[in-house]
Amino acid sequence: MDYVIEEKPAPGRDKVEVLGATFEPGKPEGAERGRWRQKMASREEKLRYLENGERYWYGKDWFGSEKRKTPA
């Protein structure tokens, strides 16, 4: 895959190099598109995938706007 580097103006600077589009053109085809469950072998892999995607709810080491830094 060839990467396209474009030059664009930036605030406070003259021009900067920016990486262009890196996706492959087209749409996914076939019956396998969007079936992430079949791509993972074990239940642990599926749970790890979901917990990573839902880390906003499962995370314990961050302080979001809904969590207090110190317990009440």
Side-chain angles (χ1 to χ4, degrees):
M1 173 183 262
D2 294 328
Y3 295 110
V4 178
I5 297 178
E6 304 169 355
E7 284 192 3
K8 294 193 174 191
R13 296 184 247 166
D14 294 331
K15 289 189 176 183
V16 294
E17 292 182 349
V18 178
L19 184 62
T22 58
F23 62 90
E24 295 179 10
K27 292 186 177 182
E29 296 178 0
E32 293 300 316
R33 74 169 198 231
R35 294 188 180 177
W36 60 270
R37 289 185 184 110
Q38 287 78 11
K39 295 179 183 177
M40 304 200 181
S42 66
R43 183 175 190 271
E44 287 77 27
E45 279 186 63
K46 293 176 187 176
L47 287 174
R48 195 170 345 131
Y49 175 81
L50 289 173
E51 286 177 2
N52 187 35
E54 300 289 337
R55 64 185 173 269
Y56 179 83
W57 303 110
Y58 290 103
K60 294 177 177 52
D61 59 342
W62 62 276
F63 306 108
S65 60
E66 286 82 16
K67 292 191 176 183
R68 292 177 57 113
K69 191 175 276 190
T70 56

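Hydrogens, waters and symmetry mates play no part in the numbers below; they use all other heavy atoms, side chains included. In what follows, residues are counted from 1 in the order of the sequence shown.
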**OP:** May I ask whether Leu50 and Met40 are part of the same hydrophobic cluster, defined by side-chain heavy atoms of I, L, V, M, F, W, Y residues being less than 4.5 angstrom apart, directly or through others?
**Re:**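 The answer is yes; both residues are in one hydrophobic cluster.
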**OP:** Kindly indicate whether the side chain of Arg48, heavy atoms from C-beta on, has any atom under 4.5 Å from the side chain of Glu45.
**Re:**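 Touching, per the 4.5 Å side-chain cut-off.
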Original post:
To the nearest 0.5 Å, how far apart are NZ in Lys46 and CD in Gln38?
Top reply: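 That separation rounds to 7.0 Å.
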**OP:** Supply the atom-to-atom distance Glu6 CD to Glu17 CD, rounded to the nearest 0.5 angstrom.
**Re:**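 Answer rounded to 0.5 Å: 11.0 Å.
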